[in-house]
Amino acid sequence: MINTYNIMKHFLLTCLLLLGFSGFVFAQENIVVTGIVTDTNKEPMIGVNVSVADMPGLGAITDINGKYSLKTPPYHKIVFSYIGYEKLEVLVKEQRVVNVVMQESSATSIDEVVITGTGIQKNLRSRGLLQMLM
C-alpha cells in the first residue's frame with residue numbers, strides 16, 4: 001500500500017512539473033520595438049503618445065528627436081496619437097523597427113464647447129459661509 005502511494009505521489013508531481021514547464025514553452029516573449037515618428041514634412045515629432053492597443057498602461061512618448069522605444073508582445077497593434085493629427089494604428093508582427101509618418105487631422109474646428117459653473121458655485125458658497133461667520 002505504501003509503495004503504491006509513493007508511486008502515485010511521484011507520478012502526480014512529475015505531471016504537475018511537466019504541465020508547469022509547458023507554459024513557459026508557449027509563452028510569447030516581449031519584443032522591443034523602436035522607431036521615429038515624423039510629420040509629412042519629415043520633421044521629428046516631440047511628445048507623440050505611443051501605446052499598445054488593448055493594454056492600458058503600456059506605452060511611451062517620443063523624445064526630442066521623435067524616437068521611441070516600447071516593449072510589446074508580438075502580433076499586437078501599436079497606436080500613435082497626437083493632438084491635431086490622425087490616430088495611426090500599426091500591427092507589429094516580428095519587426096523591431098517601426099517608423100511612421102503622422103498625417104494632419106482634417107477636422108480643424110470644435111463643434112461644441114460646454115461651460116460648467118461648478119467653480120463659481122463653490123466660490124459663492126464659501127463667500128456665504130464667510131459672511132455668516134463674521
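FYI, side chains are in, hydrogens and waters are out, and symmetry mates aren't considered; it's all heavy atoms of this structure.
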Heavy-atom pair with the smallest gap, counting every atom of A60 and S69: CB-O, 3.7 Å
In terms of hydrophobic clustering (I, L, V, M, F, W, Y; side-chain heavy atoms under 4.5 Å; direct or indirect links), are Y82 and I36 co-clustered? no
Carefully, step by step, assess I61 and N49 under the rule side-chain contact (heavy atoms from CB on, under 4.5 Å). CA-CA 5 Å; I61 297 176; N49 296 318; 3.9 Å; yes
Side-chain heavy atoms nearer than 4.5 Å, only ILVMFWY residues, links allowed to pass through others: does that put L58 and V37 together? yes
If I compare all heavy atoms of I78 with all of L70, which pair ends up nearest, and what's the gap? CD1-CD2, 4.1 Å
Looking at NE2 of H76 and NZ of K93, how far apart are the two atoms once the value is rounded to the nearest 0.5 Å? 14.5 Å
Using every non-hydrogen atom in the two residues, find where Q95 and V33 come nearest and quote the distance to one decimal. O-CG2, 4.1 Å
Looking only at non-hydrogen atoms, find the nearest pair between P44 and N65 and report the distance. CB-O, 3.2 Å
Could you walk me through whether D39 and Y85 pass the side-chain contact (heavy atoms from CB on, under 4.5 Å) check? CA-CA 9 Å; D39 61 4; Y85 286 80; 4.1 Å; yes
Please test V79 against K87 for side-chain contact (heavy atoms from CB on, under 4.5 Å), starting from the C-alpha separation and ending with a verdict. CA-CA 7 Å; V79 180; K87 185 191 298 187; 3.5 Å; yes
For a 4.5 angstrom cut-off between non-hydrogen side-chain atoms, does R96 reach I31? yes
State, with a plain yes or no, whether a side-chain heavy atom of F80 is found less than 4.5 Å away from one of E89. no
The reported gap from CD in E29 to NZ in K71 (rounded to nearest 0.5 angstrom) is 10.5 Å
Which pair of non-hydrogen atoms, one from E86 and one from S106, has the smallest distance, and what is that distance? OE2-N, 3.3 Å
Same hydrophobic cluster for V50 and V90, using side-chain heavy-atom links shorter than 4.5 Å among ILVMFWY? yes
4.5 Å side-chain heavy-atom contact, Y68 and V98: yes
What is the minimum heavy-atom distance between M45 and T62, and which atoms define it? O-OG1, 2.9 Å
